[in-house]
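Every value quoted in this text rests on a predicted model; they were computed, and no experiment measured them.
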Amino acid sequence: MTQETRSFQAEVSRLLDIVAHSLYSEKEIFLRELISNASDACDRLRYAALTEPGLAEGDAGYRVVLTPDKAARTLMVADNGIGMNHEELIENLGTIARSGTAAFVDQLSGDARKDMSLIGQFGVGFYSAFMVADRVEVRTRKAGDAQGWLWTSDGKGEFTVEELPDAPRGAAIILHLRDGEDEYLEPSRLQRIVKTYSDHIALPIVLKADGKEETINTASALWTRPRAEITPEQYKEFYHHVGHNFDEPWLTLHNKAEGVLEYTSLLFVPSSKPFDLFDPERKSRVKLYVRRVFITDEGTELVPSYLRFLRGVVDSEDLPLNISREMLQSNPMVARIRQQLTRRVLTELGKKAGEAPEEYAKFWENFGAVLKEGLYEDRDHHDALWPVMRFRSTTRDGLVSLDDYLAAMKPGQEAIYTITGDNLELVKKSPQLEGFRARGVEVLLLTDPIDEFWVPSIGSYKDKPFKSATRGGADLAKIAAGEDKEKEKPEPPAKLSSLIAMFKLALGEAVKDVRSSERLTDSAVCLVADEGDIDMHLERLLKTHRQLDTAAKRILELNPRHSLIERLAARVGEAGASEQLSEFAWLLLDQARIIEGEQLPDPPAFARRLATLLERGLPAAA
């Protein structure tokens, strides 16, 4: 095979441009990323060799070797792990072959420091080599294959691939260093970097320099060490390794379970939101080991999907070493580990919520929408989930728990009121909330798509039903408004019932009903859903995703104390008023639809009516 030249995927070219021109202050992290990848490659071969011992070819002493060459100005990072074949080289080093590519690229801002963090989150740390190298070679042979390959690139848009018959098993990455990067040829500098970032790697990292070989890391699995012997810095660097993240862990959970079921877990909650948090596959990123042997990091189901933001490892003493990935999903021991881990994580989050509410608010901003999925999916852990739930509301600036909400309920209030929408600021301005505000009744503001599903599926909390503020049955009359408010409340217009009857006649089948409102204080009109009908926001959500074709008819509520409604009611019975009131009925219905963010069924008719109204209000031309 002759040398073939290929172009990088557009997303990779953009990423490489950011890396090459990065002013990132800690360029040395490139070595951490390459060592982490090498460690993963060895882990994968160790697992594959359990069922196919021939893959290890008698060389099962897995290790990573660093070889600086001052004369050639190269640094080689080599492993004897799983290696890559021709197709894998092109896929892994020429494209971003993971779901969420578009989301990843959309988040690239051009700010080098921020974008380097995203690059780490995306798990493509190999490209960080171009921070210090102007040319990179990869010599590789996949375990079990006879043919080796050479991949070469200067990171400027293209790469070449050609056969390399004498390539050893694994991968050797050779960095041709840029001018000014000679510090990465100094053995002492490499030792310090490894000690800082990669001491936790559970296989030897060997430095070959000056005719000597020296293992420069502790080479024992960090999670097996006693917690008292591990520094916060070591935990942080292990998090960077296992999570391929550049941020710091927000919470570290290190625990050893003993007894009938023995396992060690070292789990981290990130401090920033992973880019693929809302990927439809909702995969967990927790790695499974069995007696220090890596098994898999996909499909383990060690934690439920609503805890998929967790990063870390679980090391079991009881699972069979040769367990297949398919068997994991039905293994009862895995199910028990999952139960215990879930309970522990939720308990620790609950402690954090109570002891450090400001810190917890940052966590909730990142992961609250995901955590709420558990309310819908995992009834077994509702008792542990409720204490970690937090919400925005109409009466407080910060977050509120449901117990806080219950403690603040007004006399006569029998339900937990909610309102759903897509945008927090717009939801706050909804006219349906006016009556609740007037009575000081708190309403929870729910703006995550999952809110439309967990609320109706649960129905109540501590015997208090959840009730939408946009439904007709939000009975505010039972809730005291205070003596002063009652005295201020004027009588409704005398002809209100006649106006309502005319509106019903004019609108016909366009609405389910027209009635006087208890909820409105400032707005003239609003739309509400009848009891038993689908919530208006959920209906819009389902229609957007083409899961609903029909629309439920809504109730148009009129504010009897609004000056516009009073003036319209006063016109009932006047000569020629009937036609004008009919036009006003349609205008007000369309106004209510616009406030709800709905599409108008007949925009030209709305524009015509509005133009006619404006014309009437202007004095005639001289």
Enquirer: Has K352 got its NZ or CZ under 6.0 Å from the middle of the six-membered ring of W250, at an angle within 45 degrees of the ring axis?
Expert: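 Yes, a cation-pi geometry.
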Enquirer: Given E181, which of R189, R73, K27 fulfils the salt bridge (charged side-chain N to carboxylate O under 4.0 Å, His left out) condition?
Expert: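 Output: one option passes, namely K27.
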Enquirer: Roughly how far apart are T67 OG1 and M76 CE, rounded to 0.5 Å?
Expert: 4.0 Å
Enquirer: Mind checking the CD-CZ spacing from E237 to R32? Nearest 0.5 Å is all I need.
Expert: 5.5 Å
Enquirer: Step through it carefully: locate the ring centre of H254, locate the ring centre of Y235, and say whether they are under 6.0 Å apart.
Expert: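 Judged by ring-centre distance (under 6.0 Å), H254 and Y235 do meet the cut-off.
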Enquirer: Check K283 with E281, please: is the shortest side-chain N to carboxylate O separation under 4.0 Å?
Expert: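 The answer is yes: the pair qualifies as a salt bridge.
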Enquirer: Just how far is it from atom CG of L267 to atom CZ of F309, taken to the nearest 0.5 Å?
Expert: 10.5 Å
Enquirer: Could you check whether Y360 and F363 have their ring centres less than 6.0 Å apart?
Expert: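 Here the rings of Y360 and F363 have centres that are less than 6.0 Å from each other.
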Enquirer: Which residue, L251, V303, L310, forms the side-chain contact (heavy atoms from CB on, under 4.5 Å) with V345?
Expert: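 The option that passes is L310.
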Enquirer: Looking at R292 and D315, is any side-chain nitrogen of the basic one under 4.0 Å from a carboxylate oxygen of the acidic one?
Expert: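 A salt bridge links D315 with R292.
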Enquirer: Consider only side-chain N and O atoms of S36 and H241, and report whether a donor and an acceptor are under 3.5 Å apart.
Expert: yes
Enquirer: Classify the ring geometry between F159 and W151 as parallel (under 30°), tilted (30 to 60°) or perpendicular (over 60°).
Expert: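 Answer is parallel, since the angle falls under 30°.
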Enquirer: Rounded to the nearest 0.5 Å, how far does NE2 of H240 lie from NE2 of H200?
Expert: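 The distance works out to 9.5 Å.
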Enquirer: Does a side-chain N-to-carboxylate-O contact under 4.0 Å join E359 and K362?
Expert: no
Enquirer: The criterion is side-chain hydrogen bond (donor to acceptor under 3.5 Å, both in side chains); which residues satisfy it with E158, sequence neighbours excluded?
Expert: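 Here no residue qualifies.
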Enquirer: Would you tell me whether E28 and Y197 have side-chain atoms, one donor and one acceptor, within less than 3.5 Å of each other?
Expert: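 There is such a pair between these side chains.
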Enquirer: Are the ring centres of Y184 and F30 closer than 6.0 Å?
Expert: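 Yes, the ring centres sit under 6.0 Å apart.
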Enquirer: Is there a donor in the side chain of E229 and an acceptor in the side chain of Q234, or the other way round, less than 3.5 Å apart?
Expert: no
Enquirer: Validate the cation-pi geometry between K256 and Y263: distance from NZ or CZ to the six-membered ring centre under 6.0 Å, angle to the ring axis within 45°.
Expert: no
Enquirer: For the pair R291 and E317, find out whether any cationic side-chain nitrogen is under 4.0 Å from an anionic carboxylate oxygen.
Expert: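 Judged by the 4.0 Å cut-off on N to carboxylate O distance, R291 and E317 do not form a salt bridge.
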Enquirer: Distance-only, no hydrogens or angles: does the R141 side chain make a donor-acceptor pair with backbone N or O of D145 under 3.5 Å?
Expert: yes
Enquirer: Can any side-chain N or O of N331 pair as donor or acceptor with the backbone N or O of M333 at less than 3.5 Å?
Expert: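 Yes, the answer is positive, given that a donor and an acceptor are paired below the 3.5 Å cut-off.
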Enquirer: At what distance, to the nearest 0.5 angstrom, does SG of C42 lie from CG of L203?
Expert: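 Here the interatomic distance stands at 5.0 Å.
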Enquirer: Return yes when atom CD of E262 has more than 12 non-hydrogen atoms of other residues, nucleotides or ligands closer than 6.0 Å, and no otherwise.
Expert: yes
Enquirer: Can R63 and E213 be counted as an ion pair, charged N to O under 4.0 angstrom?
Expert: yes
Enquirer: In terms of side-chain geometry, is the basic nitrogen of K195 or D199 positioned less than 4.0 Å from the acidic oxygen of its partner?
Expert: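 The answer is yes: the pair qualifies as a salt bridge.
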Enquirer: The test is side chain to side chain donor-acceptor pair (under 3.5 Å); show your working for H86 and E91 and say whether it passes.
Expert: CA-CA 9 Å; H86 176 263; E91 179 179 291; over 6 Å; no
Enquirer: Could you check whether any side-chain heavy atom of E373 comes within less than 4.5 Å of a side-chain heavy atom of R282, counting everything from C-beta outward?
Expert: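 Contact flag for E373/R282 side chains = yes.
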Enquirer: Looking only at non-hydrogen atoms, find the nearest pair between R308 and S284 and report the distance.
Expert: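 Residues R308 and S284, closest heavy atoms: CB-CA, 4.4 Å.
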Enquirer: Would you say the side-chain atoms of D247 and S271 include a donor-acceptor pair closer than 3.5 Å?
Expert: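 Their side chains do contain a donor-acceptor pair, which is all the 3.5 Å distance test asks for.
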Enquirer: Would you compute the distance between atom CD1 of I230 and atom CG of L222 and round it to the nearest 0.5 angstrom?
Expert: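 So the gap between those two atoms works out to 4.0 Å.
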Enquirer: Establish, yes or no, whether a centroid distance under 6.0 Å links the rings of Y289 and F294.
Expert: yes
Enquirer: Before accepting this row, confirm whether a basic side-chain N of the pair R338/D378 lies closer than 4.0 Å to the acidic partner's carboxylate O.
Expert: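 No, R338 and D378 are not salt-bridged.
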Enquirer: For K351, does the NZ atom have more than 12 heavy-atom neighbours from other residues, nucleotides or ligands under 6.0 Å away?
Expert: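 For K351, atom NZ is not crowded (no more than 12 foreign heavy atoms under 6.0 Å).
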Enquirer: Do K372 and M389 have side chains that get closer than 4.5 Å, going by heavy atoms?
Expert: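 K372 vs M389: side chains touch.
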Enquirer: Does K273 come within less than 4.0 Å of E365, counting only side-chain N to carboxylate O?
Expert: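 Looking at E365 together with K273, the answer is no, because their closest N to O distance does not fall below 4.0 Å.
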Enquirer: Under the salt bridge (Lys or Arg N to Asp or Glu O under 4.0 Å) rule, what do K208 and E214 come out as? Steps first, then yes or no, please.
Expert: CA-CA 7 Å; K208 279 188 178 182; E214 180 186 1; over 6 Å; no
Enquirer: Can a donor-acceptor pair be found between the side chains of R135 and T152 at a distance below 3.5 Å?
Expert: no
Enquirer: Would you kindly say whether S198 and N217 are connected by a side-chain donor-acceptor distance under 3.5 Å?
Expert: no
